[in-house]
**Q** 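Quick one: this structure, given as structure tokens, is what I'll be asking you about.
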Amino acid sequence: PTSRAPTRAVDAIGVGGAAAVAMTVPAEGTAEKPRAECLVEKKADEKCWAWRTPDAKAPRDPSALPTSRKDHAQRLQDGGFGPSWSRLCPTIFLEERAPFIMVRDTRTKAIYDVPPSLVLPWYEGILVLDAMSRSPLASSVPWFQEVTDILVSTKRVQRLAPSLYVERRLLDVAVTGPLTGDTQGVFWAHRRRPLRKEAPAAGGKAENQWFRIDALVEYMPPWEALVHPKCGLYQDFYMVRWAPPHHNVDYSGMENGSDTLCGATWEPDECLPDSLDLLKLRAKRKWVDSQREREQRPQAHGERPAPAPAAASQEVRAAKRPRVFNPKKLALEPDCALPSLGHAVENPFREDTPEAEIKRGWPKKVEDFPPGHPCSDPPGHCGEACDCMEDWHIGENVKGKDHLANHHRDCMAQKVVQAFQDISGFVRKRGIVTGRCYLEPGVGADNPRPNTEREARLAQMALAIRTLAEQAAQHLPLQGLRERRGAGAIQRLCLLLSSRIPGNQLEEFSGAHGPYIACRFRIVSGAPAWLGIWPHTGDLNVNDDLVPAMHQRRHLPLEIGMSAPGCAEETVKISLDTEAKSSGGGLETATREAVKMVMALPPPHRSLVEARLAAVFDFTTKQCKVAHVGVWVKAFSEAVAMLRAGASAHVLPAPPAH
């Protein structure tokens, strides 16, 4: 739909699912003088940055598109984008000489005139260097090594906050190209302000150089876009999801195509008209919120908080010290929705504590209960002969509580429950094996759900990701499955690919997290003499004494049989790669395809599934992680379980921030 060709979007209409279009017209031929602003305070010795050529001999615009298709192809061939095209020089402001400003290079002491819009505030330049330091391009850009000391010294005394800078300085500003026109016929250089607050009008059709837009999915600030392999210009960039017929096209092979979302490309602000300003503003606010959360979790990204100044008092240092959320070092259980969180309940008794000790510490008198929280009466507090605190039975009636024994009442209650259960097709009894003992609506019961379309979409996505896992199971690295981190991978994979999960609702072990009864595993066919499987865990058992020095076949197709008590055996087909490493095979391909699907989920569900896939995909850099096969199987099985749970449960949106 668009590229880095010398074209500029000048009009667009439509929002969200409505038809939205962007028309591109040549940028040449206008005599309009663009509006340009000086981004630094015009004070003597004000520190700032100037954009120059890599050799620092002349000014160069890092946001400029190629002037022709030939120039475009040449710049692609020469790597003429990003920090290889232009550099930052540390300077100080001297004086204004319209239409230029005079600055002095703090390193070479050279004095030169630069256009005011090609000068960056000092803090924004530091953000550019910080983005470069996290990019693979840093080691290949010579000029970056010259200014690394500035970045290091700044981060020692100041913690960078890109979200705060965008919120205060760029939220209502479009960081655009050197000559960008708006719908009023006004041309702007590099910064256009303020953004329009009117929503685009619905309607429009694709013709000639008009392209329909479905949504602006993501925002990328200019310093990140400069070093991003899909961008390379110092402008605001947005991930544009194109409307039909382009919505299903895979643009990942294009220079600006999205690697995570099908039918989407990264587009600079210059190619998106000001009629879409409201959508740009929403994308920026979404980025600010997510970036602020990342900045509040520095340890998760391997960073360290900036040290406090030496002059800070002990009280200030104590106030800034990170809070300890697990001071007793309890064993944490992962949260069912966000695995990065953990929970624990302190148990004052050891596992080997005798029952007599538990009963002795149980409250047996009114004064044993906390003030203001008495026991319920009836039935009243426990006595010395009570055994209701023993959790393996429901307790027995004891002396002093004869009022609890009411045969007539107990029989009537049991008859009511039985009559309710006997209503044909209305409810069915569950939990006989597990002891959970509950009733749930039966198959075909009139129990309408308000979001059937969304639930069907989640179920279809769970099936699609399950299919990706089934395809990846044909290239599993044998070495990874033998390692400690590969324990349980075969079992998880068989349960994921089994039709029983979820399967017949009348079967007790079906469900999003099932089965609830033990399974047994065996290799039905395809195993050589040196390969076996542990029946209770599903882990591979390799006899190293019988393993040949050279395998006759690289791939070993196997059929794994999985059975549960009272149920027929089900087979799952996998294939082992005898030469691949622990993270080899087609795992990354399946991961990218799964992430593309997840990006289309509504926000409440997407965050939950992304938390599961975070072990195999970095949603910040949009890159696959080198994940062990055991970690990959666990992430995919949990992601599918979360999607299946969302297909049968109502996920509430997050409450608004106060």
**Q** Which residues pass the salt bridge (charged side-chain N to carboxylate O under 4.0 Å, His left out) test with Asp250, sequence neighbours left out?
**A**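 Per chain and number, Asp250 pairs via salt bridge (charged side-chain N to carboxylate O under 4.0 Å, His left out) with Lys596.
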**Q** Just checking, Arg35 and Phe187: is the charged tip under 6.0 Å from the six-membered ring centre and within 45° of the axis?
**A**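 Not flagged: Arg35 not positioned over aromatic ring of Phe187.
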**Q** Using only heavy-atom distances, determine whether the side chains of Thr183 and Asp274 contain a donor-acceptor pair under 3.5 Å.
**A**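 A pair is found: one side chain offers a donor N or O, the other an acceptor, under 3.5 Å apart.
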**Q** According to ring-ring contact (aromatic ring centres under 6.0 Å, His included), does anything in residues 41-67 pair up with another residue at least two apart or in another chain? List the pairs.
**A**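 Of all non-adjacent pairs touching residues 41-67, those that pass ring-ring contact (aromatic ring centres under 6.0 Å, His included) are Trp49-Trp122, Trp51-Tyr234.
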**Q** Using a strict threshold of under 4.0 Å (side-chain N to carboxylate O), is an ion pair present between Arg285 and Asp289?
**A**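 Salt bridge absent between Asp289 and Arg285.
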**Q** Applying salt bridge (charged side-chain N to carboxylate O under 4.0 Å, His left out), name anything that partners Glu293, two or more places apart in sequence or on another chain.
**A**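 For Glu293, no residue satisfies salt bridge (charged side-chain N to carboxylate O under 4.0 Å, His left out) once neighbours in sequence are set aside.
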**Q** Any luck finding a side-chain donor-acceptor pair between Glu610 and His605 under 3.5 Å?
**A**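 On atom types as modelled, these side chains do not qualify, holding no pair under 3.5 Å.
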**Q** What's the separation between atom CH2 in Trp143 and atom CZ in Arg52, rounded to the nearest 0.5 Å?
**A**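 With rounding to 0.5 Å, CH2 (Trp143) is 13.5 Å from CZ (Arg52).
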**Q** Going by atom types only, do Thr176 and Trp188 share a side-chain donor-acceptor pair under 3.5 Å?
**A**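 Result is no, nothing qualifies.
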**Q** Tell me which pairs pass salt bridge (Lys or Arg N to Asp or Glu O under 4.0 Å) where either residue lies in residues 167-180, with sequence neighbours left out.
**A**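 Salt bridge (Lys or Arg N to Asp or Glu O under 4.0 Å) check on residues 167-180 returns Glu167-Arg292, Asp172-Lys197.
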**Q** Does Ser117 have any side chain to side chain donor-acceptor pair (under 3.5 Å) partners at least two apart in sequence or in another chain, and if so, which?
**A**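 Partners of Ser117 under the side chain to side chain donor-acceptor pair (under 3.5 Å) test: His190.
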**Q** Using a distance-only test with no angle check, is there a side-chain donor-acceptor pair under 3.5 angstrom linking Asn256 and Tyr251?
**A**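 No, no side-chain donor-acceptor contact under 3.5 Å.
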**Q** Does a side-chain N-to-carboxylate-O contact under 4.0 Å join Asp269 and Lys280?
**A**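 Judged by the 4.0 Å cut-off on N to carboxylate O distance, Asp269 and Lys280 do form a salt bridge.
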**Q** Determine whether Cys38 and Val40 satisfy the following criterion, side chain to side chain contact (heavy atoms under 4.5 Å, CB included), listing intermediate values before the conclusion.
**A** CA-CA 6 Å; Cys38 183; Val40 300; 3.6 Å; yes
**Q** Is a salt bridge present between Asp259 and Lys230, judged by a nitrogen-to-oxygen distance below 4.0 Å?
**A**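 Counted as a salt bridge, because a side-chain N and a carboxylate O are separated by less than 4.0 Å.
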**Q** Show, in sequence, the C-alpha distance, side-chain angles and deciding distance for Val114 and Phe100, and conclude whether the side chain to side chain contact (heavy atoms under 4.5 Å, CB included) test is met.
**A** CA-CA 5 Å; Val114 293; Phe100 300 100; 5.8 Å; no
**Q** Nearest 0.5 angstrom please: Leu216 CG to Tyr238 OH, how far?
**A**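 It is 7.5 Å, given to the nearest 0.5 Å.
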**Q** Report yes if some heavy atom in the side chain of Gln623 is under 4.5 Å from a heavy atom in the side chain of Arg592; otherwise report no.
**A**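 They are in side-chain contact.
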**Q** Say whether, by atom type as modelled, one donor and one acceptor occur between the side chain of Glu267 and the main chain of Leu272 under 3.5 angstrom.
**A**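 Absent.
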**Q** Treating Thr154 as the side-chain partner and Ile150 as the backbone partner, does any N or O pair qualify as donor plus acceptor under 3.5 Å?
**A**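 Flag set: sc Thr154 to bb Ile150 pair under 3.5 Å.
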**Q** Tell me, which pairs form a salt bridge (Lys or Arg N to Asp or Glu O under 4.0 Å) where one or both residues lie in residues 87-104, sequence neighbours left out?
**A**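 Matches after skipping sequence neighbours: Lys42-Glu96, Arg87-Glu146, Glu95-Arg97.
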**Q** Donor-acceptor check, side chain of Trp266 to backbone of His228, threshold 3.5 angstrom: yes or no?
**A**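 Here the side-chain-to-backbone pair does not exist.
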**Q** Is Arg107 salt-bridged to Asp149, going by a charged N under 4.0 Å from an acidic O?
**A**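 Salt bridge: yes.
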**Q** Mind checking whether Phe237 and Tyr219 have ring centres under 6.0 Å apart?
**A**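 No; Tyr219 has its ring centre 6.0 Å or more from that of Phe237.
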**Q** With the threshold set at 4.0 Å, does a side-chain nitrogen-carboxylate oxygen contact exist between Glu218 and Arg241?
**A**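 Looking at Glu218 and Arg241, the cut-off is not met.
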